[in-house]
Amino acid sequence: MDAAGKISDSVGMIAQPYQLYVERTDTSKNMARYYAMSIEPTLFGDACLTRRWGRIGASGQQMIHHFDREEDAVQLFLHLLRQKRKRGYRPPTLVTT
């Protein structure tokens with residue numbers, strides 16, 4: 001097989017996993033929201049940032065962003081994370097009994 005026919009082993013590989021799940025609750029306003037994001041490879045080797053949000057316990061909404069470079073997906077991921085933290089979203093607290 002010649003060099004042009006080789007397929008790179010790194011195609012579709014994400015350098016490290018990016019996943020986030022945060023919640024924002026305020027009982028005085030009857031607010032219980034979640035926001036989730038993850039970066040995953042597509043079948044074509046691109047990076048895909050998937051965002052999901054809505055009321056806790058509901059299926060909510062979803063938006064998918066496609067990027068040629070993983071770095072661009074990570075930049076948007078971090079930008080959105082900063083926005084959500086400013087708005088009061090935090091990791092869920094564990095309830096122990």
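What you see is a predicted model; the values in this text were computed from it and never measured.
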Donor-acceptor side-chain pairing of T25 and E23 below 3.5 angstrom: no
Heavy-atom check, side chain of C48 versus side chain of I39, under 4.5 Å: no
Side chain proximity check, R24 to Y34, heavy atoms < 4.5 angstrom: no
Shared hydrophobic cluster for V22 and L78 (ILVMFWY, side-chain gaps under 4.5 Å): yes
Non-hydrogen side-chain atoms of R82 and L80 separated by less than 4.5 Å: no
W53 and Y35 aromatic ring geometry - parallel, tilted or perpendicular at 30°/60° bounds: parallel
Pairwise side-chain contact, H65 with R51, heavy-atom cut-off 4.5 Å (strictly under): yes
Gap between atom CG of D46 and atom CD of E40 - 0.5 Å precision: 13.5 Å
Side chain proximity check, F67 to L49, heavy atoms < 4.5 angstrom: yes
More than 12 heavy atoms of other groups within 6.0 Å of R90 CZ: yes
Residues Q62, T50; criterion side-chain contact (heavy atoms from CB on, under 4.5 Å); working and verdict: CA-CA 7 Å; Q62 177 174 307; T50 303; 4.0 Å; yes
Whether over 12 other heavy atoms sit under 6.0 Å from R87 CZ: no
Note, H66 side chain near T42 side chain (heavy atom, < 4.5 Å): yes
Side chain to side chain, Q83 and L81, heavy atoms closer than 4.5 Å: no
Flag side-chain contact, heavy atom, 4.5 Å: S38 against Y18: no
In one Ile/Leu/Val/Met/Phe/Trp/Tyr side-chain cluster, 4.5 Å: L43, I64: no
